[in-house]
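Heads up, the thing below is written out as structure tokens.
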Number of protein chains: 2
Amino acid sequence: MEKFNDVTVVKKANIYFDGKVTSRTILFENGDKITLGIMMPGNYEFGTEEKEIMEILAGNLDVKLPNNDGWISILAGDSFEVPSNSKFQLVVKEITDYCCSYIKK
Amino acid sequence: MEKFNDVTVVKKANIYFDGKVTSRTILFENGDKITLGIMMPGNYEFGTEEKEIMEILAGNLDVKLPNNDGWISILAGDSFEVPSNSKFQLVVKEITDYCCSYIKK
């Protein structure tokens, strides 16, 4: 069972799209940040500030990344990167458990 | 912004009722455990092993506790206790953000 030790957890949830996407913010001692979240089935568009690495722990979705015309199929165990300051679309086909890492420059 | 410091977070989500209830497990150095979770609107029945204290961070629900005939209205900021080894019912009226503490004997 994979765990993150010696971290700080923000108590209140991050809630988006009327609760169809929710997450918890986890802060590391070195200043890194991740969110652990759940996406219910649906179509979403997100915007990034920092570069993000999305790791899919469980679920099934298609992603359309910036500067890409095609959709990429993503399953549990897969990850994808989204550049900073850009938008990306998701079609979530099954409830999806994810870990999002925010990458500082 | 309330936070929990120096904790361990289990990476994978706990997922119940087809994703309508999800949570993350947080472990403390002294052995205590909580879960931080989200409940979507709906009717649920849960069972406890240990005694539980449910703190509602946001949301609106009614709870029927064991050995109680009436429903109790619960709002953000409210908490309720459920004895160990018992069942309780919830009618969740709005997406609800909660913190559940597991109380060892």
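Every chain is numbered from 1 and lettered A, B, ... according to where its sequence line falls, protein lines coming before strand lines.
Using non-hydrogen atoms only and a strict 4.5 Å limit, the part of residues 40-55 of chain B facing chain A consists of M40(B), E55(B). When the heavy atoms of residues 21-29 of chain A are compared with those of chain B, the residues falling under 4.5 Å are T22(A), R24(A), I26(A), L27(A), E29(A), listed by number. Interface residues of residues 97-105 of chain B toward chain A, defined by a heavy-atom distance below 4.5 Å and sorted by number: D97(B), Y98(B), C99(B).
For N67(A), the CG atom sits in a loose shell: 12 or fewer heavy atoms of surrounding residues, nucleotides or ligands are nearer than 6.0 Å. No more than 12 heavy atoms of other residues, nucleotides or ligands sit less than 6.0 Å from atom CG of D69(B).
Cluster annotation: V92(A) and F88(A) are assigned to the same hydrophobic cluster (Ile/Leu/Val/Met/Phe/Trp/Tyr, side-chain heavy-atom contacts under 4.5 Å, transitive). Y16(A) and M39(A) fall within the same hydrophobic cluster, where Ile, Leu, Val, Met, Phe, Trp and Tyr residues are linked whenever their side-chain heavy atoms come under 4.5 Å apart, directly or through other members.
Here V91(B) is tied into one hydrophobic group with W71(B), each link being a pair of ILVMFWY side chains closer than 4.5 Å.
Here the closest heavy-atom approach between residue D78(A) and residue S73(A) is recorded as OD2-O, 4.2 Å. Of all heavy-atom pairs between A76(B) and A58(B), the closest is CB-CA, 3.8 Å.
Interface remark: I34(B) contributes no atoms to any contact with chain A (heavy atom separation under 4.5 Å).
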Show, in sequence, the C-alpha distance, side-chain angles and deciding distance for T96(A) and I56(A), and conclude whether the side-chain contact (heavy atoms from CB on, under 4.5 Å) test is met. CA-CA 7 Å; T96(A) 292; I56(A) 304 308; 3.9 Å; yes
Derivation and outcome, side-chain contact (heavy atoms from CB on, under 4.5 Å), residues K3(A) and V9(B): CA-CA 5 Å; K3(A) 300 176 187 168; V9(B) 179; over 6 Å; no
Would L90(A) and D62(A) satisfy side-chain contact (heavy atoms from CB on, under 4.5 Å), going step by step from the backbone distance to the final call? CA-CA 6 Å; L90(A) 296 176; D62(A) 292 338; over 6 Å; no
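Comparing D18(B), D6(B), I15(B), V7(B) by heavy-atom pairs within less than 4.5 Å of chain A, the highest count is held by V7(B). When the candidates E94(B), M1(B), K12(B) are compared by the number of heavy-atom contacts under 4.5 Å with chain A, K12(B) comes out ahead.
No donor-acceptor pair closer than 3.5 Å links the side chain of N68(A) to the backbone N or O of G70(A).
Side-chain contact between F4(B) and K11(A) is present, with heavy atoms from C-beta onward closer than 4.5 Å.
Distance check, rounded to the nearest 0.5 Å: CG of L75(B) to CG of N60(B) gives 5.0 Å. Note that CZ of F80(A) is 8.5 Å distant from CD1 of I72(A), once rounded to the nearest 0.5 Å.
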